[in-house]
Every structure is written in C-alpha cells, then in structure tokens.
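Following: one structure in structure tokens, then a few remarks.
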Amino acid sequence: MSQPLLRPRRSKAFWVLLLGAALLFAGLVALGSWQVQRLAWKQDLIARVDARLAAAPVAAPSPSEWAAVDKAGHEYRKLRLRGRFDHGRETLVGASTELGSGFWVITPLQTASGEWVLVNRGFVPPELAEPARRSQGQGEAEVELTGLLRLSEPRGRLWQHNDAAAGRWYSRDVAAIAAARGLRGAVAPFFVDAMAADQPGAEPAWPRAGLTVLHFSNNHRVYALTWFALAAMVLAATGYLLREERQRRLAGERPSAPHDD
C-alpha cells in the first residue's frame with residue numbers, strides 16, 4: 001500500500017516575513033506613485049511661473065476679485081502697483097537669502113482708491129534693520145512698482161511660530177501683520193514681492209528687492225525611480241524567498257510511518 005507524503009509546515013516566521021514584504025512593497029509603490037504626482041505638480045508650477053514672468057505686468061486684483069485669488073490661478077502673476085507706503089507700520093520678517101540671513105521689509109502700501117496691499121520691499125541685513133539706517137529708502141512720495149503676487153503664509157515656520165506681541169515674525173502672514181499694524185479698511189489677502197527696478201549702473205538700494213526664489217528644484221523623477229527600484233528589489237527578494245521555501249518543502253517531503261491494516 002502506498003504511503004502518503006508528509007509536507008513540512010511553514011513556520012509562523014515565514015508568514016510574518018511574507019506579510020512584512022507585502023506591506024513594504026505596497027508602501028514603496030505608494031511612495032513612488034506620490035512622487036510621480038509631485039513631479040506633475042512641480043512641472044506645472046514651473047511652467048506657470050515661467051509663463052507669468054514672461055508676461056507683461058497687469059493691474060492688481062480689485063477687492064471684488066480677492067475671494068477668487070488662489071495659488072493655481074494667481075501666484076507669481078506680475079502686478080503693477082501705484083500708491084504711498086506707510087513706512088511707520090513696516091514689519092520685519094525673518095529671511096534667509098543669497099545675501100545671507102536678515103529680514104524682509106514688509107510695508108503697507110495704500111492705493112489711490114484706499115485699499116491696502118502689503119509689499120515685501122526686499123531684504124535687509126541685521127545691521128540695517130532700523131529704518132533710520134536706510135533712510136534713503138523711506139520716501140513718502142507716491143510710487144509705482146512692479147512685483148509678484150504671493151499668497152499669505154499663515155502662522156509661521158514649522159518650528160518657529162509668529163509672535164505678534166513680541167514682534168517676532170517668521171512668515172508673511174498677511175492677516176496677522178495687518179491686524180498687528182492696525183490697518184483699517186480693505187486689506188488685500190495677498191502680498192506682493194517687489195521686483196528689482198531696472199536701473200543700469202545704479203548702486204542697489206536697501207531694502208534689496210528682486211530676491212524672490214524663482215528656481216524650483218525638481219528631483220521628483222529621481223525620487224520616484226528610487227522608490228520603484230526599491231519596490232522591485234523587495235519583489236525580487238520575496239520571489240527568491242518563495243522559491244527557496246518551495247525547494248525546502250520538496251526536499252523535506254518524506255513517507256509517513258508504515259502502519260498495519
């Protein structure tokens with residue numbers, strides 16, 4: 001009478017390892033897919049910014065249009081502004097630029113129709129934080145400038161939160177700065193990064209405008225390929241594990257002990 005073969009049982013550790021590999025593979029694929037989405041978003045951002053920088057400046061959105069201002073449709077749009085600065089209510093916001101660490105000088109500008117727009121007039125190093133040290137840039141005459149529309153940056157940085165009472169600002173939070181400076185009336189929900197004036201041969205003035213970062217790193221393709229390559233390695237390792245387990249089971253098959261009829 002033929003004797004049945006006994007197959008060795010798979011250990012609990014094998015199933016735990018297999019489950020871990022499946023979860024790891026799924027996680028790596030998800031990360032790779034997310035980077036593909038980020039790549040598409042970054043490419044779209046770069047294309048939008050390039051197109052808006054190449055376009056002629058336009059008038060700033062009117063109060064009736066403020067509610068519709070958003071990142072996709074408006075950020076980095078080149079604007080033309082005319083009005084008077086209220087230098088007595090400027091705000092210094094911590095900044096790190098190609099010129100070093102210092103501050104952005106955020107000054108309210110009131111247009112002829114009475115609305116307020118916060119303007120990032122540019123960068124100053126710590127030694128020029130006091131307005132008296134850069135009096136040549138504190139004129140009261142009506143000005144016309146070109147700048148880039150930027151969206152408000154609420155609350156602050158990841159580990160550094162704005163503290164209006166202490167006068168410590170780490171991000172350009174339009175609503176909070178407007179409230180702290182007591183601006184009355186209509187205040188635009190965005191701010192404007194002033195662009196450098198085209199004055200060949202002139203000594204750059206302080207605050208130093210035109211330092212907005214407009215070159216965006218785009219490594220998402222490399223990141224996506226990295227995650228997918230790691231997922232492929234996990235898949236290959238799992239396949240090897242399954243093959244070795246199958247060979248072990250085949251080698252471990254043995255006849256059952258004989259028994260009397």
Heavy-atom count around E244 CD within 6.0 Å, excluding the residue itself: above 12?
yes

What's the verdict on side chain to side chain contact (heavy atoms under 4.5 Å, CB included) for L79 and T146, showing C-alpha distance, side-chain angles and the deciding distance?
CA-CA 6 Å; L79 303 182; T146 301; over 6 Å; no

Student check: side-chain heavy atoms of L118 and T107 closer than 4.5 Å:
no

Contact check, side chains of R150 and T212, non-hydrogen atoms, under 4.5 Å:
yes

Are L28 and F228 packed together at the side-chain level, in the sense that at least one heavy-atom pair is separated by less than 4.5 angstrom?
no

Tell me whether Y223 at atom OH has more than 12 heavy atoms from other residues, nucleotides or ligands lying less than 6.0 Å away.
no

Is a side-chain N or O of R77 found less than 3.5 angstrom from the main chain of G73, in a donor-acceptor match?
yes

Any chain of hydrophobic side-chain contacts (each under 4.5 Å) joining V29 to M233?
yes

dist S33:OG -> W227:CH2 (nearest 0.5 Å) comes out at 12.5 Å

For V222, what are the other residues in its hydrophobic cluster, where any two members join if their side-chain heavy atoms are less than 4.5 angstrom apart?
none

For P61, is there any backbone N or O sitting under 3.5 Å from a side-chain donor or acceptor partner on W66?
yes

Please round to the nearest 0.5 Å and tell me the distance separating atom CZ of R121 and atom CZ of R134.
6.5 Å

Exam field: side chain D173 to backbone R155, donor-acceptor pair closer than 3.5 Å:
yes

Please find the pair of heavy atoms, one from A196 and one from A209, that lie closest to each other, and give the distance.
CB-O, 3.9 Å

Could you give the distance from CZ (F85) to CG (L109), rounded to the nearest 0.5 Å?
5.0 Å

Going by side-chain contact (heavy atoms from CB on, under 4.5 Å), name the residues that satisfy it together with A129, two or more places apart in sequence or in a different chain.
L92, F103

Is V93 linked to V124 within one hydrophobic cluster, defined over Ile, Leu, Val, Met, Phe, Trp and Tyr using a side-chain heavy-atom separation of less than 4.5 Å?
yes

Taking transitive links into account, so neighbours of neighbours count too, which hydrophobic residues share a cluster with Y240 at under 4.5 Å side-chain distance?
none

Say whether S171 and N162, considering side chains only, have a donor N or O and an acceptor N or O under 3.5 Å apart.
yes

Residue pair R157 / A95: nearest heavy atoms and the distance that separates them
NH2-N, 3.9 Å

F123 side chain reached by V105 side chain, heavy atoms, under 4.5 Å
no

For residues 36-46, run the donor-acceptor check on the side chains, cut-off 3.5 Å, and write out each pair with its distance to 0.1 Å, sequence neighbours left out.
from, atom 1, to, atom 2, distance (Å)
K42, NZ, S217, O, 2.6
K42, NZ, H220, NE2, 3.4
D44, OD2, R48, NH1, 2.4

Which heavy atom in G32 sits nearest to a heavy atom in A224, and how many Å separate them?
O-CB, 3.8 Å

For the hydrophobic clusters of this structure (ILVMFWY residues joined by side-chain heavy atoms under 4.5 Å, transitively), does one cluster hold both L99 and L128?
yes

Could you pull out every donor-acceptor pair under 3.5 Å between side chains of residues 179-192 and any protein atom, sequence neighbours left out?
from, atom 1, to, atom 2, distance (Å)
R181, NE, E90, O, 3.3
R181, NE, T91, OG1, 2.9
R181, NH2, T91, OG1, 3.4

H74 and L151: CA distance, side-chain angles, deciding distance, side chain to side chain contact (heavy atoms under 4.5 Å, CB included) verdict:
CA-CA 9 Å; H74 298 83; L151 299 185; 5.6 Å; no

Checking side chain to side chain contact (heavy atoms under 4.5 Å, CB included) for the pair T238/F25: CA distance, chi angles, key distance, verdict?
CA-CA 10 Å; T238 304; F25 175 79; over 6 Å; no

Heavy-atom closest contact (S152 atom, P154 atom, distance)
O-CD, 3.3 Å

Taking the side chain as C-beta and beyond, is there a heavy-atom pair between E115 and P63 under 4.5 Å?
yes

Would I106 and W169 show up in the same hydrophobic cluster when neighbours are defined by side-chain heavy atoms closer than 4.5 Å?
yes

Separation between CG (L19) and CG (L24), nearest 0.5 Å, reads 11.0 Å

side-chain contact (heavy atoms from CB on, under 4.5 Å) filter on A132, not counting sequence neighbours, yields none

dist D86:CG -> Q110:CD (nearest 0.5 Å) comes out at 8.0 Å

Is the shortest distance from a Lys or Arg side-chain nitrogen in R84 or E142 to a carboxylate oxygen in the other one below 4.0 Å?
no

Out of curiosity, does L148 fall in the hydrophobic cluster containing V174 (side-chain heavy atoms, cut-off under 4.5 Å, transitive links)?
no

Could you give me the CA-CA distance, side-chain angles and deciding distance for T111 and W116, then say whether side chain to side chain contact (heavy atoms under 4.5 Å, CB included) is met?
CA-CA 6 Å; T111 67; W116 291 99; over 6 Å; no

Rounded to the nearest 0.5 Å, how far does OH of Y76 lie from NZ of K78?
14.5 Å

Would you say Q160 has more than 12 foreign heavy atoms packed within less than 6.0 Å of its CD?
yes

For the residue pair S96 and S101, what are the closest heavy atoms and their distance?
OG-OG, 4.2 Å

